There are 2 protein chains.
Amino acid sequence: MATTTAAQRRQQARIEYDAFIKSCPTNQLLDRISDKWVSLIVSALADAGGPMRYSDLGRKIAGVSPKMLTQTLRSLERDGILSRTVTPSVPVRVDYELTPLGTNLSCLLTAVKDWAEHHIEEVVEARERYDASSEAS
Amino acid sequence: MATTTAAQRRQQARIEYDAFIKSCPTNQLLDRISDKWVSLIVSALADAGGPMRYSDLGRKIAGVSPKMLTQTLRSLERDGILSRTVTPSVPVRVDYELTPLGTNLSCLLTAVKDWAEHHIEEVVEARERYDASSEAS
DNA sequence: GTGCCTACTTACCAATGGATAGTAACTCTT
DNA sequence: AAGAGTTACTATCCATTGGTAAGTAGGCAC
């Protein structure tokens, strides 16, 4: 009991490091913006160059469920990346638009999207090579 | 039966669009690199400036489970973003290193990380404003 | 009234991801 | 020679997340 094993020491170090990381807001923010739906929503709004309605986003980002769309939009609104404007017209109308902060972020995410477009062929080739050598085992 | 309702037409449009999106490799790649653990692994390797071992990565990226670490490393290796080198020494030793393609990508992901570091205060303020106005309802 | 419109919310269920323990293969200690 | 320790994983279980489909509000057209 008095001696600490290597396993115990490792465990201890891990807990302390964990706590440090979890209290670091930068890492939390990085996690948030490294999200699949966040990239797609922000780049959709950047492409549009102006406000988009809920259903416009749902149509442009095919594959997103209404639940996920609402959830992600709310979290982006909370983070000040986009603004939500409700117009109480005949059927209610909701517009989403990037804030200056969101526009700033969209430049980076667009760069990532462009990277994907430019390097997709290299990645596909790498996958084929990897799969071919795995099957040869 | 002969008439198609608006709901049916919407459903149909959605399925067609879905199929289109799912067969678009660029979107698949964007999804892959918009992952939390991918960002952290690639930026860890970029920071190191050289190869890192499995356990080094596990320690630097505190909070990652061995399962997720292995899974993400394998998929990045398959995509040609990093290389995996096994040295069959006394205890086996595995080194991971960014390929030129991975180094290229790391520039973008580092830019995103820096953005998070520079704008975290604005985001925190936006959250406080949002939470304060929500509670006042 | 019945149905339709938008923008959601809710309920349910399958899949993803995290915590923890175990494995292989070999070496070093006792 | 038995047991502990090393690295780099697998395997298992379980909580959380995310997708699907259906329901809701509130007003207008038919």
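All values derive from a computational prediction rather than experimental measurement. Residue numbering restarts at 1 for every chain, and letters A, B, ... go by the order of the sequence lines.
Applying the 4.0 Å criterion to OP1 and OP2 of C:dA7, one finds that A:R84 has every side-chain N and O outside that range. In this model, the phosphate group of D:dA8 is approached by a side-chain N or O of B:R53 to a distance below 4.0 Å at OP1 or OP2. Side-chain nitrogen and oxygen atoms of B:Y54 include none within less than 4.0 Å of the OP1 or OP2 phosphate oxygen of D:dT10. For the pair A:S55 and C:dA7, the criterion of a side-chain N or O lying under 4.0 Å from OP1 or OP2 is met. Side-chain N/O atoms of A:W37 include none lying less than 4.0 angstrom from OP1 or OP2 on D:dT17. Residue B:Y96 places at least one side-chain N or O under 4.0 Å from the OP1 or OP2 atom of D:dC9.
Between B:D131 and A:R78 there is a salt bridge, with a side-chain nitrogen of the basic residue lying less than 4.0 Å from a carboxylate oxygen of the acidic one.
Distance A:D31 CG to C:dG17 P: 13 Å, rounded to the nearest Å. The distance between atom CE of A:M68 and atom C1' of C:dT10, rounded to the nearest whole Å, is 16 Å. Across the protein-nucleic acid pair, A:R74 atom CZ and C:dT9 atom C1' stand 10 Å apart, rounded to whole Å. Note: CD (B:Q71) to P (D:dT10) measures 11 Å, nearest angstrom. For the pair A:K36 NZ and D:dG18 P, the interatomic distance rounds to 10 Å; values are reported in whole Å. Following rounding to the nearest Å, B:K67 (NZ) and C:dA19 (C1') show an atom-to-atom distance of 10 Å. For the pair B:D35 CG and D:dT17 P, the interatomic distance rounds to 16 Å; values are reported in whole Å. Remark: P of C:dA7 and CG of A:D56 are 8 Å apart, rounded to the nearest angstrom.
Listed candidates were C:dA19, D:dC9, D:dT7. Nearest to the side chain of B:P91 is D:dT7.
Tested against B:I81, the residues B:V38, B:L76, B:N104, B:I41 include a single side chain to side chain contact (heavy atoms under 4.5 Å, CB included) partner, B:L76.
Between A:T85 and A:Y96, the side chains place no donor N or O within less than 3.5 Å of an acceptor N or O (distance only, hydrogens not considered).
Here the shortest heavy-atom pairing between A:L30 and B:L40 reads CD2-CD2, 4.0 Å.
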